[in-house]
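Numbers here are sequence positions counted from 1. The shown structure was predicted, so the numbers you read here are calculated from the model rather than taken from an experiment.
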Amino acid sequence: MFTKMKIGDFAKYNQISVQALRYYESIDLIHPIEIDPFTNYRYYHIKQSAVIDNIQFFQQLDFSLTEIKQIMNDTKTPTELNQVIENKKATLQAELKSIQHQLAEIKVFQEGALIFQEKQFNKAIEFVDFPARWVFTYPTRQNIYQMTEEEYEFSLREFKSDLTDLRKFNCVGSIMPRTSFVDQSFLSKEFFIFSDQKTTETRLLPKGTYATYYCHSFQEEIKMLPLFQHELADQGYQIIGDYICEVLYEKNKTSDVNRSMFIRMQVPVSRS
């Protein structure tokens, strides 16, 4: 029967390092049951493994060693102790939300990359049924399609500075009023980025059938806008909503000066 064992053996049985045990001793978390006064060897009892199990359990929940010591030794009142646990739960829930957001953004980026691979050479109008989509919008002072590249970037900086969550700032598109698309004045003074949920700050892009066309730059988009509008009219389609310039994919090299983008031109339509 084990009564006591050297620190190395105790560490091995509990899958913990000797250094960790020595550190735990230094912060009064767990102490050896005996220290040889001549050799300074430290001995632990196998039954102290329960303490190690508890420490490791709380560690995997991301409690600090200070918090673990407080929880295990009940140095706080029950109310205070419960608050420590509630605070940790709230922290983990916030981290979970952040991870879920990151996974959603990775999914969007991956989908954009896959569409780019599949459609980058597509030169035909396609019709896609989109669900309702929520967007954050930001007004600009001048027509986006008349901006220089420098003016465009400065305008994006203004939009970015207006956001409280910079994680959302990627693949910024623009919205053009239906009337401007139909009369071919092509005036757009509104940036947007997609939102994963409805808030008081978001706007709805209604679900429906959208005519779509792909291009690789604003310059190409400007050239294609009148052709896109004429082709839809020739095919007997009625424009029933605002035109949307959706930037599907951006992957700029670190040496790039000019922005690289892949655009999905789109506008909601119905048969006349």
Side-chain angles (χ1 to χ4, degrees), residues 60-63 86-122 126-140 144 152-153 155-176 188-218 221 241-254 256 258-269:
Q60 62 94 18
L61 296 178
D62 205 31
F63 282 96
E86 284 296 324
N87 290 344
K88 179 57 63 177
K89 185 165 70 174
T91 297
L92 291 173
Q93 289 172 336
E95 290 175 357
L96 175 60
K97 185 176 180 180
S98 177
I99 290 171
Q100 290 172 333
H101 173 83
Q102 290 174 319
L103 288 172
E105 291 301 313
I106 287 174
K107 180 182 178 183
V108 170
F109 179 82
Q110 188 176 40
E111 289 174 347
L114 291 173
I115 293 174
F116 170 73
Q117 293 175 12
E118 180 183 353
K119 304 290 187 180
Q120 59 180 312
F121 302 115
N122 193 320
E126 297 179 342
F127 297 89
V128 179
D129 290 327
F130 286 117
R133 294 168 289 175
W134 295 98
V135 294
F136 290 101
T137 62
Y138 183 78
T140 64
I144 295 170
Y152 173 75
E153 289 298 338
S155 294
L156 287 185
R157 298 315 100 199
E158 293 176 359
F159 184 11
K160 188 174 183 178
S161 67
D162 191 62
L163 287 172
T164 56
D165 187 353
L166 294 183
R167 295 175 306 176
K168 301 178 182 295
F169 195 78
N170 187 47
C171 291
V172 179
S174 59
I175 299 174
M176 179 191 302
S188 175
K189 290 187 175 183
E190 191 171 34
F191 285 130
F192 81 88
I193 53 175
F194 285 108
S195 171
D196 55 4
Q197 60 185 338
K198 176 184 178 180
T199 72
T200 56
E201 300 174 329
T202 55
R203 166 183 169 182
L204 178 67
L205 299 181
K207 69 176 182 179
T209 300
Y210 285 68
T212 67
Y213 188 83
Y214 299 94
C215 61
H216 295 262
S217 67
F218 280 135
E221 181 194 8
D242 295 341
Y243 166 85
I244 300 161
C245 166
E246 177 188 5
V247 179
L248 270 176
Y249 182 60
E250 282 189 283
K251 189 173 74 67
N252 302 289
K253 295 180 179 179
T254 57
D256 285 348
N258 296 320
R259 182 179 290 268
S260 171
M261 60 179 66
F262 184 60
I263 294 170
R264 178 160 59 188
M265 304 166 61
Q266 57 193 264
V267 66
V269 295

A.B. asks: Minimum heavy-atom separation for Arg259 and Met261, please, with both atom names.
C.D. replies: CD-CE, 3.2 Å
A.B. asks: Is a side-chain donor or acceptor of Thr91 paired with a backbone partner of Asn87 at a separation under 3.5 angstrom?
C.D. replies: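 Here the side-chain-to-backbone pair exists.
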A.B. asks: Just how far is it from atom CD of Glu246 to atom OG of Ser174, taken to the nearest 0.5 Å?
C.D. replies: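 Those atoms lie 11.0 Å apart.
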A.B. asks: Within a strict 4.5 Å, meaning less than it, do heavy atoms of the Leu248 and Phe116 side chains meet?
C.D. replies: no
A.B. asks: State, with a plain yes or no, whether a side-chain heavy atom of Phe262 is found less than 4.5 Å away from one of Lys251.
C.D. replies: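 Sidechains of Lys251 and Phe262: no contact.
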A.B. asks: Could you tell me the separation between the NZ atom of Lys198 and the CH2 atom of Trp134, rounded to the nearest 0.5 Å?
C.D. replies: 4.5 Å
A.B. asks: Quick one: closest heavy-atom pair of Cys245 and Phe192, and the distance?
C.D. replies: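 Minimum heavy-atom contact is O-CE2, 3.4 Å.
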A.B. asks: For Lys88 and Asp62, indicate whether the former's side chain and the latter's backbone hold a donor-acceptor pair under 3.5 Å.
C.D. replies: yes
A.B. asks: Quick check for you: to the nearest 0.5 Å, what is the distance between Gln93 atom CD and Glu95 atom CD?
C.D. replies: 10.5 Å
A.B. asks: Kindly give the heavy-atom pair with the smallest separation between Glu250 and Ser260, and that separation in Å.
C.D. replies: CG-O, 3.2 Å
A.B. asks: Nearest 0.5 Å, please: how far is OH in Tyr138 from NZ in Lys189?
C.D. replies: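 OH of Tyr138 is found 13.5 Å from NZ of Lys189.
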A.B. asks: Can you confirm whether Lys119 sits close enough to Glu126 that some side-chain heavy atom of one is under 4.5 Å from a side-chain heavy atom of the other?
C.D. replies: yes
A.B. asks: Find out whether Met265 and Ile263 are in side-chain contact, i.e. whether some heavy atom of one side chain is under 4.5 Å from a heavy atom of the other.
C.D. replies: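 They are in contact (side-chain heavy atoms under 4.5 Å apart), so the answer is yes.
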A.B. asks: Are Phe130 and Gln266 packed together at the side-chain level, in the sense that at least one heavy-atom pair is separated by less than 4.5 angstrom?
C.D. replies: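 Of all side-chain heavy-atom pairs linking Gln266 with Phe130, at least one is under 4.5 Å.
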A.B. asks: From Lys207 NZ over to Leu205 CG, what is the distance, rounded to the nearest 0.5 angstrom?
C.D. replies: 14.5 Å
A.B. asks: I'd like to know whether the aromatic ring centres of Phe136 and Phe194 sit less than 6.0 Å apart in this structure.
C.D. replies: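 No, ring centres 6.0 Å or more apart.
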A.B. asks: Are Leu92 and Leu96 packed together at the side-chain level, in the sense that at least one heavy-atom pair is separated by less than 4.5 angstrom?
C.D. replies: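 They are not in contact (no side-chain heavy atoms under 4.5 Å apart), so the answer is no.
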A.B. asks: Identify which one of Ile144, Ile244, Asp242 satisfies the side-chain contact (heavy atoms from CB on, under 4.5 Å) criterion when paired with Ser188.
C.D. replies: Ile144
A.B. asks: Enter the distance from Arg157:CZ to Lys160:NZ here, rounded to the nearest 0.5 Å.
C.D. replies: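 The NZ atom of Lys160 is 5.5 Å from CZ of Arg157, to the nearest 0.5 Å.
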A.B. asks: Below 4.5 Å, heavy atoms only, C-beta onward: do Leu163 and Ile193 meet side chain to side chain?
C.D. replies: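 With C-beta onward as the side chain, the pair touches.
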A.B. asks: Does Arg133 make a cation-pi contact with Tyr210, if we ask for NZ or CZ under 6.0 Å from the ring centre and within 45° of the axis?
C.D. replies: yes
A.B. asks: When you compare the side chain of Arg203 with that of Glu190, does any pair of heavy atoms fall below 4.5 Å?
C.D. replies: yes
